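We count residues from 1, following the sequence as given. This is a predicted model, so every value here is computed, not measured.
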Amino acid sequence: MTSSKNSIHFISVALLFLWGSVLLYFYASGRIVNYLPPDGIFRPMVLFSGIGLIVLGLFNLATTQYTGAESCGHDHSHDHDHTHDGCCGHDHDHGHDHSHSHSHDQGHEHSHDHGHAHAHAGHDHAHGILEDSGFVGRWVAILIIAAPVTWAAVRTPDQYSANAIINKGLYNQNYASTARADQFSLRGDDAGAKKTAAIESQPLPPAIAAGQAKGLPDDPVKKAATEVAATPASGAAETKSYGGFTLADLEAQVPRSKDGNFILEVPEIYYTAGDKEVQGVLAGQSIETIAQVLPEKVNNEDGKRLRIFRMLVQCCAADARPYSIPAQFAEKAPEFKEMTWVKVVGKMGYKQEGGQTVPMIEVKKIEETTAPDNAMIY
């Protein structure tokens, strides 16, 4: 291989090592937990991809000597009958255009005009950007390939900024949402079945009941009834009754701290806004939670509130969204640096604000704490 081809080959190997090392670093360092959920194939794929790139780089490095076969040279001083069948794997078909001019005055004077037309079979002369570029162009190409991943590995923070979280809807919460309510329900594993049974037991709307009286098939009627009952009316969102829920149920589902407080995650508190039986039991109970804090900008004219939140991930960190609730203080709210992790202890309460039931903590104690092992909730 020529010196130029050698340098290009080793640069390519180095880039494979770089990309593979970054993936393995994110996996081995634990930073991957801030970007991808633990279940599914996402985290293992980061590991396997990193190993694959390193193995590919090692293979290319080990086979460096074999790439020299591509660049063997040819001696193009030709006889009139020749065929190239050799190291480069292609033949040269030479068409010779002979123009002979003979002068028979006092001997022979021969003038030969040889035109060589070379047809290279199976030889593609289109090369990559590293080979076609000059010295400066090659370094620019290398930086374009290597700089972004290096910058991301070194400088990318493992959490959203305060502005990003606000833009993701921190202050625009829909407490009537049921998108992932079953996952965070305090009712236990059979919460979904209880909700379905409660909906089906509700009286049919008059129009649907009339249709049933006329002998319409049962299944479409039940389906329509369920859809109507499950759809919030326009305007104020109402909490629904999903069957009996008692303090014994709460104690069976939620652990207590050594101080006797129910330990809840913010999304669990969030989703109680849509279940009035759970509210009836939980209201007034001492609870504690760990969350991040930002200033409150909604219904906080007297300055007695903070906003606490957790980021909930569906697939990866890119689709994370904040689940937040107000933290209400008896006096002016204390000041914390934005995004600080805090432990909040207080009594659970509910208020009607903005046309919906808003869950909130009436704070007895708030203190800075360390971040949990999983900053994102999956």
Side-chain angles (χ1 to χ4, degrees), residues 159-160 162 165-166 168-177 184-186 239 245 247 250-251 253-312 321-377:
Q159 66 174 8
Y160 283 101
I165 290 172
I166 292 171
K168 278 179 169 284
L170 177 75
Y171 300 113
N172 185 26
Q173 300 289 299
N174 176 17
Y175 295 109
S177 171
F184 297 101
S185 173
L186 300 185
T239 56
F245 184 81
L247 180 59
L250 179 65
E251 291 175 335
Q253 299 297 331
V254 180
R256 287 181 183 261
S257 69
K258 63 180 181 180
D259 297 323
N261 306 315
F262 288 105
I263 303 173
L264 295 172
E265 297 280 13
V266 170
E268 291 176 321
I269 300 171
Y270 178 99
Y271 280 112
T272 63
D275 190 330
K276 63 183 179 182
E277 272 76 29
V278 171
Q279 291 175 32
V281 174
L282 192 59
Q285 297 290 339
S286 293
I287 68 166
E288 66 179 60
T289 191
I290 292 177
Q292 288 178 277
V293 64
L294 281 171
E296 178 62 285
K297 296 183 179 180
V298 178
N299 297 322
N300 191 32
E301 292 78 6
D302 56 5
K304 294 182 179 181
R305 286 186 183 182
L306 293 175
R307 176 72 62 138
I308 62 172
F309 70 94
R310 290 294 299 272
M311 297 298 289
L312 190 63
R321 56 159 291 195
Y323 279 59
S324 71
I325 59 172
Q328 179 74 48
F329 294 83
E331 304 295 334
K332 184 175 176 61
E335 294 185 1
F336 287 93
K337 183 180 178 181
E338 291 185 348
M339 306 294 290
T340 297
W341 285 94
V342 293
K343 178 181 177 181
V344 183
V345 178
K347 286 188 176 182
M348 194 65 217
Y350 297 89
K351 288 187 178 180
Q352 294 295 317
E353 295 180 351
Q356 59 181 338
T357 301
V358 178
M360 63 182 63
I361 301 177
E362 298 170 3
V363 182
K364 295 180 181 178
K365 179 182 177 182
I366 185 171
E367 60 185 5
E368 186 173 343
T369 188
T370 57
D373 292 338
N374 288 327
M376 302 278 193
I377 296 178

Is there a side-chain contact between Ile269 and Ile361 in this structure, where contact means two heavy atoms from C-beta onward sitting under 4.5 Å apart? yes

Contact list for residues 290-301, test salt bridge (Lys or Arg N to Asp or Glu O under 4.0 Å), sequence neighbours left out: Glu296-Arg307

How would you list all residue pairs meeting salt bridge (Lys or Arg N to Asp or Glu O under 4.0 Å) that involve residues 324-338, not counting sequence neighbours? none

Can you list everything that forms a ring-ring contact (aromatic ring centres under 6.0 Å, His included) with Tyr175? Sequence neighbours excluded, please. Tyr270

Output every pair passing salt bridge (Lys or Arg N to Asp or Glu O under 4.0 Å) with a member in residues 340-358, not counting sequence neighbours, ordered by first then second residue. Glu288-Lys343, Arg305-Glu353

If we ignore hydrogens and angles and just use 3.5 Å, is the side chain of Glu268 paired with the main-chain N or O of Glu265 as donor and acceptor? yes

Considering all heavy atoms, the nearest Arg310-Ile377 contact: NH2-CG1, 3.4 Å

Could you walk me through whether Phe184 and Leu312 satisfy the side-chain contact (heavy atoms from CB on, under 4.5 Å) test, starting with their C-alpha distance in whole Å, then the side-chain angles of each, then the deciding distance to 0.1 Å, before giving a yes or no? CA-CA 11 Å; Phe184 297 101; Leu312 190 63; 3.4 Å; yes

Any side-chain heavy-atom pair from Ile290 and Val342 closer than 4.5 angstrom? no

Please enumerate all residues that pass side-chain hydrogen bond (donor to acceptor under 3.5 Å, both in side chains) together with Gln292, with sequence neighbours excluded. Gln159

Would you give me the side-chain donor-acceptor pairs under 3.5 Å for residues 363-376, sequence neighbours excluded?
none

Verdict with supporting geometry, Met360 and Met348, side-chain contact (heavy atoms from CB on, under 4.5 Å): CA-CA 6 Å; Met360 63 182 63; Met348 194 65 217; 5.7 Å; no

Taking Asp275 for its side chain and Gln279 for its backbone only, find out whether a donor-acceptor pair lies under 3.5 Å. no

Please report the closest heavy-atom contact between Leu247 and Phe262, naming both atoms and the distance. CD1-CZ, 4.3 Å

What pairs with Asp259 under side-chain contact (heavy atoms from CB on, under 4.5 Å), at least two apart in sequence or on another chain? Ser257, Asn261

For Arg321, which residues count as a side-chain hydrogen bond (donor to acceptor under 3.5 Å, both in side chains) partner, sequence neighbours excluded? none

Has Thr289 got a side-chain atom pairing as donor or acceptor with Leu264's backbone, closer than 3.5 angstrom? yes

Could you tell me which non-hydrogen atom of Pro326 sits nearest to which non-hydrogen atom of Pro359, and how far apart they are? CD-O, 3.2 Å

For side-chain contact (heavy atoms from CB on, under 4.5 Å), just list the numbers for Leu186 and Thr272, CA-CA rounded to whole Å, side-chain angles, deciding distance to a tenth of an Å, and then say yes or no. CA-CA 8 Å; Leu186 300 185; Thr272 63; 3.8 Å; yes

Would you mind listing every salt bridge (Lys or Arg N to Asp or Glu O under 4.0 Å) that reaches into residues 168-177, with sequence neighbours excluded? none

Who pairs with Tyr271 by ring-ring contact (aromatic ring centres under 6.0 Å, His included), at least two apart in sequence or on another chain? Tyr323

OG (Ser177) and CD (Gln356) are apart, to the nearest 0.5 Å, by 10.5 Å

Pairwise distance CD1(Ile166) to CG(Asn172) - rounded to 0.5 angstrom: 12.5 Å

Would you say that Ile287 contacts Leu282 through its side chain, given a criterion of any heavy-atom pair below 4.5 Å between the two side chains? yes

Set out, in order, the CA-CA distance, both residues' side-chain angles and the distance that settles side chain to side chain donor-acceptor pair (under 3.5 Å) for Thr357 and Gln352, then state yes or no. CA-CA 5 Å; Thr357 301; Gln352 294 295 317; 2.6 Å; yes

What one should report as the nearest heavy-atom pair of Tyr171 and Leu294 is OH-CB, 4.2 Å

Please name all residues satisfying side-chain hydrogen bond (donor to acceptor under 3.5 Å, both in side chains) with Tyr160, sequence neighbours left out, ordered by chain then number. none

Might you point out which heavy atoms bring Gln173 and Leu170 nearest each other, and give the distance in Å? NE2-O, 3.3 Å

Under the ring pair (Phe, Tyr, Trp, His ring centres under 6.0 Å) definition, can you give me all pairs with a residue in residues 328-356, not counting sequence neighbours? none

